[in-house]
Visitor: 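First the structure, then my questions, so here it is.
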Amino acid sequence: MADERHVSHATRVLRRGRPGAFEATAALAHLLSLACRLAALALTALVVLSAVVTGAGRLTLVGYSGTVTSWLPDGLAGRFVFETPLGGVLRGDFALAALALFVTDWLLARLAHALRSRRG
């Protein structure tokens, strides 16, 4: 019973709930983690391609960049965009969004692992 004093309130609530609450929450955190990781990888690829691709491929990237820019918060969209010597642009706004998604991925993966290891 001494160990019960050090258990968080959220853990106690989950233990009182359905028996599979930890597993379901861990699975949800894992799925959200994967979604964040895939989105971050796609943004990272878009940052690299925007910096180096020129010519006809650039027209396709402009369409994708416009779509992704519309998903970013107004305070971040279009910020930190620099022209590169290769004729492309370094999209700092996409890079920052990718970084935030990678950090969110890492936090959700740790949460999923912690919930799996605390099976009640």
Visitor: Cluster question for you: counting only ILVMFWY and a side-chain heavy-atom cut-off of under 4.5 Å, with indirect links fine, are V47 and V52 together?
Guide: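 Yes, V47 connects to V52 through the hydrophobic network.
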
Visitor: Please tell me whether L86 and L61 are part of a single hydrophobic cluster in this structure, the criterion being side-chain heavy atoms less than 4.5 Å apart.
Guide: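 Linked within one cluster.
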
Visitor: I need the L111 CG to L115 CG distance, nearest 0.5 Å.
Guide: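 Between atom CG of L111 and atom CG of L115 there are 4.5 Å.
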
Visitor: Has T84 got a side-chain atom pairing as donor or acceptor with A51's backbone, closer than 3.5 angstrom?
Guide: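 Here the side-chain-to-backbone pair exists.
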
Visitor: So which heavy atom on T44 is nearest to which on A98, and how close?
Guide: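 Distance-wise, the nearest heavy atoms are OG1-CB, 3.8 Å.
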
Visitor: Going by heavy atoms in the side chains, are H30 and R116 under 4.5 Å from each other?
Guide: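 Yes, close enough: below the 4.5 Å cut-off.
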
Visitor: Do you know the tightest heavy-atom contact between F94 and S65?
Guide: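 Nearest heavy atoms, F94 then S65: CZ-O, 3.6 Å.
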
Visitor: What distance separates L41 CG from C36 SG, expressed to the nearest 0.5 Å?
Guide: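 SG of C36 is found 11.0 Å from CG of L41.
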
Visitor: Just grab all the salt bridge (charged side-chain N to carboxylate O under 4.0 Å, His left out) pairs involving residues 71-99, residues at least two apart or on different chains.
Guide: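 Every pair satisfying salt bridge (charged side-chain N to carboxylate O under 4.0 Å, His left out) with a residue in residues 71-99: R91-D93.
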
Visitor: Going from CG on L96 to CG on L101, what distance comes out if it is rounded to the nearest 0.5 angstrom?
Guide: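 Interatomic distance, L96 CG to L101 CG, rounded to 0.5 Å: 11.0 Å.
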
Visitor: How long is the gap from CG on L90 to OG on S50, to the nearest 0.5 Å?
Guide: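 Between atom CG of L90 and atom OG of S50 there are 9.0 Å.
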
Visitor: To the nearest 0.5 Å, how far apart are CG in L72 and CG in L43?
Guide: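 Interatomic distance, L72 CG to L43 CG, rounded to 0.5 Å: 7.0 Å.
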
Visitor: Hydrophobic cluster membership, with links at side-chain heavy-atom distances under 4.5 Å among I/L/V/M/F/W/Y: are L49 and W71 in one?
Guide: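 In one cluster: yes.
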
Visitor: Looking at D105, is its backbone amide N or carbonyl O close enough to the side chain of S33 to form a donor-acceptor pair, meaning the two atoms are under 3.5 Å apart?
Guide: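 A pair under 3.5 Å: yes.
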
Visitor: Quick one: CG on L99 to OG1 on T104, what's the gap to the nearest 0.5 Å?
Guide: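 It comes to 9.0 Å.
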
Visitor: Side chains of V89 and R58: closer than 4.5 Å at any heavy-atom pair?
Guide: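 Side chain of V89 against side chain of R58, heavy atoms only: contact under 4.5 Å found.
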
